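Single-structure report; data block below.
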There are 2 protein chains.
Amino acid sequence: MTDQKDSTEQKIIDAAHEVFLKKGLDGSRMQEIANMAGINKALLHYYFRSKQKLFEAIFKNIIAHAFPDIRGIIMADLPVEEKIRGFVEKYIDMMAKNPYIPAFILKEINRDPEFIAGVIRSQGINPADILSMLEKEMAAGTIRKMNPREIMVNLIGLVIFPFAAAPMLNIILFNSNKKAYREFLNDRKITVTEFILNAILIR
Amino acid sequence: MTDQKDSTEQKIIDAAHEVFLKKGLDGSRMQEIANMAGINKALLHYYFRSKQKLFEAIFKNIIAHAFPDIRGIIMADLPVEEKIRGFVEKYIDMMAKNPYIPAFILKEINRDPEFIAGVIRSQGINPADILSMLEKEMAAGTIRKMNPREIMVNLIGLVIFPFAAAPMLNIILFNSNKKAYREFLNDRKITVTEFILNAILIR
DNA sequence: GTCTATATGGCGATAGAC
DNA sequence: GTCTATCGCCATATAGAC
């Protein structure tokens with residue numbers, strides 16, 4: 001049980017993670033990954049045989065990071081306000097730490113959407129459970145009656161989109177002031193929660 | 001003034017538009033564009049000199065399609081409900097006709113965000129005007145007081161995201177039933193409008 | 001203007017020494 | 001396991017005939 005932190009394999013994984021996350025499969029070069037790992041190209045193939053195989057190994061890991069565990073929040077015996085608030089906070093925190101994830105997923109999603117869906121399911125996230133939870137809230141009269149899928153899509157979109165489209169929105173709305181945009185994104189933990197609650201709650 | 005519709009240059013532009021839109025710059029091949037245009041690769045270079053130059057010529061055109069003219073709606077003397085409704089309908093109609101545009105923009109946005117912002121401005125869309133319009137509504141007490149940028153980002157995100165993430169959402173929420181998802185997207189001309197109005201209107 | 005043929009360069013992948 | 005050197009392919013780009 002030697003320390004694996006600085007093993008060659010781990011250095012490759014770390015470097016490939018960084019490069020693939022920023023540039024995607026097509027945009028990445030094996031040479032660049034090798035340079036970043038401080039080794040040569042041949043070793044990449046020695047450990048992972050092909051660029052495709054290396055990407056697949058990294059891909060699963062990136063996707064896993066992209067879906068934080070929300071079961072505890074969504075299925076808990078809490079008022080729906082708290083569930084929404086918890087969801088928004090967890091996702092915005094995750095993306096603040098991993099700002100390249102949303103664009104990466106949207107970029108690579110067409111490569112194998114079925115695989116991504118499988119990873120989501122394996123994270124224990126079951127859309128049907130969330131939908132039926134929302135339907136119960138509607139039946140109980142706490143939230144407006146509507147297609148529960150609308151709520152899910154709107155919630156996810158409101159949280160993810162400003163990160164995925166950050167480069168454009170930053171220019172259009174903040175004249176390229178990056179600090180102001182970061183603050184704006186962070187504020188959204190509160191403002192998005194309010195926005196959604198205003199849209200769906202019956203009070 | 002001969003008819004230019006079937007000129008070689010136009011055939012190249014049409015073919016390049018289709019291929020670049022679906023696959024992006026990195027994912028597209030000059031050979032594929034030549035095949036689709038019914039000519040050979042050499043002619044592409046004869047007319048546009050390089051792949052990069054050809055892409056830039058097409059890029060501007062794609063971006064222009066992505067921002068339909070909304071000045072008439074946003075700046076008109078209409079109640080804010082009608083402005084929101086008009087915006088949502090125009091954008092969803094545009095994306096239903098050009099489903100590859102959202103993913104294309106998010107994919108290519110990092111290549112030259114400044115250029116995209118310039119095209120948006122050249123379309124006559126002035127974010128500052130929209131922001132001040134929203135602020136007037138807040139001062140008049142028709143909509144809730146909040147950062148008007150939140151409204152703009154939320155509006156754009158709610159409209160675009162379900163198209164950009166269609167492959168994933170289609171699996172997760174509709175078990176890959178594409179027809180159901182198309183109907184869902186079309187219904188959103190109404191449901192997104194309602195959702196936003198509930199979120200921002202004071203009544 | 002349009003074609004065929006070919007040059008040029010880059011990148012993934014492999015061979016083989018150490 | 002790690003390296004250098006090189007192969008082989010594919011994609012962009014050019015040369016030159018027609």
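Throughout, protein chains are lettered first and strands after them, A, B, ... in sequence-line order, and every chain is numbered starting at 1. Quick caveat, the model's predicted, so the values are computed rather than measured. Values below: all heavy atoms of this structure, side chains included; hydrogens, waters and symmetry mates excluded.
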Between NZ of B/K51 and C1' of D/dT14 the distance, given in whole Å, is 17 Å

For a quick check of understanding: with a heavy-atom distance under 4.0 Å over all strands, which category does A/Y46 fall into, base, sugar-phosphate or nothing? base

side-chain contact (heavy atoms from CB on, under 4.5 Å) with A/I33: of A/D14, A/V19, A/I39, only one passes, and it is A/V19

Which of D/dC3, D/dT2, C/dA13 is nearest the side chain of A/S50? It is C/dA13

Whole-Å distance, B/L44 CG to C/dC3 P, equals 10 Å

In whole angstroms, the gap separating P of D/dA13 from CD1 of B/I33 amounts to 11 Å

Taking D/dT2, D/dT12, C/dT14 as options, the one with an atom nearest any side-chain atom of B/M30 is D/dT12

Closest to the side chain of B/H45, out of D/dA13, D/dC3, C/dT4, is D/dA13

Rounded to whole Å, the CD-C1' distance (A/Q52 to C/dC11) equals 15 Å

Discussion item. Under a 4.0 Å threshold between the charged nitrogen and the carboxylate oxygen, would B/E81 count as salt-bridged to B/R85?
Written reply: no

Notebook entry, point to check: Should the pair A/F174 and A/Y181 be assigned to parallel (<30°), tilted (30 to 60°) or perpendicular (>60°) ring geometry?
Noted result: perpendicular

Winner on side-chain proximity to B/R29, out of C/dT2, D/dT12, D/dT2, is D/dT12

side-chain contact (heavy atoms from CB on, under 4.5 Å) test vs A/L21 passes for just one of A/I101, A/I58, A/N98, A/N61, namely A/I101

The nucleotide from D/dC3, C/dA13, D/dT12 with an atom nearest the side chain of B/K41 is D/dT12

Rounded to whole Å, the CG-P distance (A/N35 to D/dT2) equals 16 Å

Between CG of A/L43 and C1' of C/dA15 the distance, given in whole Å, is 14 Å

In whole angstroms, the gap separating P of D/dG1 from CD1 of A/I12 amounts to 11 Å

Between NZ of B/K53 and P of D/dT14 the distance, given in whole Å, is 11 Å

* Given D/dT2, is OP1 or OP2 found less than 4.0 Å from the side-chain N or O atoms of A/N40? -> no

Angle class for the B/F67/B/Y91 ring planes (parallel below 30°, perpendicular above 60°, tilted otherwise)? perpendicular

Nearest-nucleotide check on DNA chain D, A/Y47 vs B/Q31; residue mapping nearer the 5' end is A/Y47

